[in-house]
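Notes to accompany the following structure.
Quick caveat: nothing in here was measured; it's all calculated off a predicted structure.
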Amino acid sequence: MRETIDSFIAVRLLTTNEVAGTTTIEVSHEALIREWPRLADWLHEARDDIRLQQTISKDAADGTVQQVWRSPLPWLPTQRGASMG
């Protein structure tokens, strides 16, 4: 698979980008999606995940990500930095 990806990058059908230390691969040309039905299916199936990743990346770049998490234990605070007492 890596050989295929590298070949597509070499002819500029795919591009790479690094976001928060993770390398992503992006489609450079709409024609690739149009002419490769399986790729179009993969992208369609991953649509919600892709949008979420883009939103998180944008928010992280903007510095607007809030570090909120839910604790599995009711006695722990549910937001980072919240007081425990």
Is there a side-chain contact between L14 and V27 in this structure, where contact means two heavy atoms from C-beta onward sitting under 4.5 Å apart?
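With C-beta onward as the side chain, the pair touches.
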
Hey, can you tell me if W36 and W42 have their rings parallel, tilted or perpendicular (30° and 60° cut-offs)?
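Taking W42 first and then W36, their aromatic rings stand perpendicular (interplane angle over 60°).
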
As a quick check of understanding, evaluate side chain to side chain contact (heavy atoms under 4.5 Å, CB included) for L32 and F8, giving each step before the final call.
CA-CA 10 Å; L32 185 60; F8 280 47; 3.8 Å; yes

Suppose the criterion is side-chain hydrogen bond (donor to acceptor under 3.5 Å, both in side chains): which pairs have a residue in residues 11-31, not counting sequence neighbours?
none

With sequence neighbours excluded, tell me which residues meet side chain to side chain donor-acceptor pair (under 3.5 Å) with R34.
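R34: no side chain to side chain donor-acceptor pair (under 3.5 Å) contacts found.
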
[atom1]/[X] to [atom2]/[Y] distance, rounded to the nearest 0.5 angstrom?
| X | Y | atom1 | atom2 | result |
| --- | --- | --- | --- | --- |
| D6 | I25 | CG | CD1 | 8.5 Å |
| H44 | R47 | NE2 | CZ | 4.0 Å |
| L43 | D49 | CG | CG | 11.5 Å |

Tell me yes or no: between the side chains of S7 and E3, is some donor less than 3.5 Å from an acceptor?
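Distance-only check fails for S7 and E3.
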
